[in-house]
Amino acid sequence: LSVLLVDQRYRCRSDAPWRAEDYLAKLPHLASDPDFERQLRIGESLVPPFDDTSSCEHQFTPRDDDSNEGHRSGTDLLSTLSETWALEDRSIGRYLLLQLLGTGSYGIVWLAFDSELHRKVAIKVPSPERFYEPKEAEKYLAEARTVAKLDHPHIVPVYDVGRTDDDASIYVVSKYIEGENLDQRLKRDRLTHDETARIVAVCASALGYSHQMGIIHRDVKPANILI
């Protein structure tokens, strides 16, 4: 199902997008499974209108350090998914995994769907290697709980935190911000003086607030500033 959901989103930017009915018709042996149909319907509801290909293109813009490579092909995207996460693990807790947003030394970030509150979220799953000792996992959880207490208009709010089903890692669920990061923005064109001043002021306000709350970011860079 995870492969089909990725395929569903990839096809939305093609000349021949498929609806849930198309998948059900082509896979009759799975059509009788109500969960299979339900997840396809959810996936379809998150895909922009079928005549809005620009929105689909935007959703497949890489958000990690490989942003200069342009859109990945469907084959490359599926390959990345299979390498970074077992495809049969289509969900984490109540969250349905929809799309890989980025990977790095820290782990994986997913676009997911909250099946209880019916909203898109971002899920960060650090690499299990980060938690070589139990105390490291507890320290990470404590930090996540602290971040969840932050209340600032320019800090991405944390919604939830938990452990993966195999207890190999911890995940953090936050608000999904649609748009681009500052690194991608700067690669498109230069900022005006007014835009630069506004972004610096906003970041200073957010960082100042977090410092007052006892949290230091330690990795402030354009790729971590969402626009």
Side-chain angles (χ1 to χ4, degrees), residues 2 5-6 59-67 69 72 76-117 119-152 154-184 203 206-207 210-211 213-226:
S2 293
L5 290 172
V6 173
Q59 291 188 5
F60 275 84
T61 300
R63 297 168 63 94
D64 54 23
D65 292 337
D66 298 325
S67 59
E69 295 180 359
R72 293 178 177 150
D76 291 341
L77 182 58
L78 291 178
S79 175
T80 301
L81 282 169
S82 63
E83 291 173 359
T84 55
W85 195 271
L87 287 176
E88 62 269 17
D89 294 333
R90 64 177 184 264
S91 63
I92 299 178
R94 74 185 200 223
Y95 304 100
L96 171 67
L97 303 180
L98 299 176
Q99 177 186 335
L100 184 68
L101 294 179
T103 62
S105 59
Y106 60 84
I108 306 171
V109 179
W110 288 94
L111 170 63
F113 181 76
D114 185 336
S115 61
E116 293 290 338
L117 298 178
R119 63 182 177 183
K120 290 185 288 184
V121 296
I123 297 184
K124 181 177 181 179
V125 186
S127 299
E129 292 77 16
R130 291 194 56 176
F131 310 123
Y132 54 90
E133 292 183 6
K135 65 179 183 180
E136 294 298 323
E138 293 306 316
K139 179 180 177 181
Y140 186 84
L141 278 173
E143 291 178 353
R145 295 187 185 105
T146 302
V147 174
K149 297 177 182 179
L150 300 182
D151 183 14
H152 190 278
H154 299 297
I155 295 178
V156 179
V158 171
Y159 291 154
D160 192 12
V161 65
R163 295 181 182 272
T164 54
D165 292 338
D166 58 3
D167 282 334
S169 188
I170 294 170
Y171 63 88
V172 176
V173 182
S174 62
K175 181 177 181 178
Y176 171 58
I177 307 296
E178 299 209 37
E180 61 185 349
N181 61 49
L182 181 58
D183 183 55
Q184 294 166 335
C203 291
L207 289 171
S210 67
H211 290 172
M213 299 296 290
I215 296 177
I216 299 176
H217 193 287
R218 296 194 300 178
D219 193 21
V220 180
K221 60 184 179 181
N224 286 335
I225 298 173
L226 299 178

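Reckoned from all heavy atoms, side chains included, excluding hydrogens, waters and symmetry mates.
Residues Val125 and Ile92 approach most closely at CG2-CD1, 3.8 Å, considering heavy atoms. Scanning both residues, Ala144 and Val172, for their nearest heavy atoms gives CB-CG2, 4.1 Å. What you find for Arg94 and Ser115 is that their closest heavy atoms are O-OG, 2.7 Å. Closest heavy-atom contact between Ala122 and Lys175: CB-O, 4.2 Å.
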For this session: Determine, stepwise, if the pair Cys203 / Ile225 fulfils side chain to side chain contact (heavy atoms under 4.5 Å, CB included).
Result: CA-CA 8 Å; Cys203 291; Ile225 298 173; 3.7 Å; yes

For this session: Take Leu207 and His217 through the side chain to side chain contact (heavy atoms under 4.5 Å, CB included) test and state the conclusion after the steps.
Result: CA-CA 8 Å; Leu207 289 171; His217 193 287; 4.0 Å; yes

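The CD1 atom of Ile123 sits 11.5 Å away from atom CD1 of Ile108, with the distance rounded to the nearest 0.5 Å. Here the OH atom belonging to Tyr95 is positioned 7.5 Å from the CZ atom belonging to Arg119, to the nearest 0.5 angstrom. Between the CD1 atom of Ile216 and the OG atom of Ser210 there is a distance of 8.5 Å, given to the nearest 0.5 Å. Distance CD1/Ile215 to CD1/Ile155: 7.5 Å, rounded to 0.5 Å. Interatomic distance, Leu226 CG to Asp183 CG, rounded to the nearest 0.5 Å: 11.5 Å. Taking OH of Tyr171 as the start and NZ of Lys124 as the end, the distance is 16.0 Å to the nearest 0.5 Å.
The shortest side-chain heavy-atom distance between Glu178 and Lys120 falls under the 4.5 Å cut-off.
Looking only at atom types and distance, the side chain of Asp114 has no donor-acceptor partner in the side chain of Tyr159 under 3.5 Å away.
Results of the side chain to side chain contact (heavy atoms under 4.5 Å, CB included) test with Trp110 over Leu98, Leu101, Leu97 single out Leu97 as the only residue that passes.
For Glu143 (side chain) and Tyr140 (main-chain N/O), no donor-acceptor pair under 3.5 Å exists by modelled atom type.
Counting non-hydrogen atoms of neighbouring residues, nucleotides and ligands closer than 6.0 angstrom, the CG atom of Asp219 exceeds 12 such neighbours.
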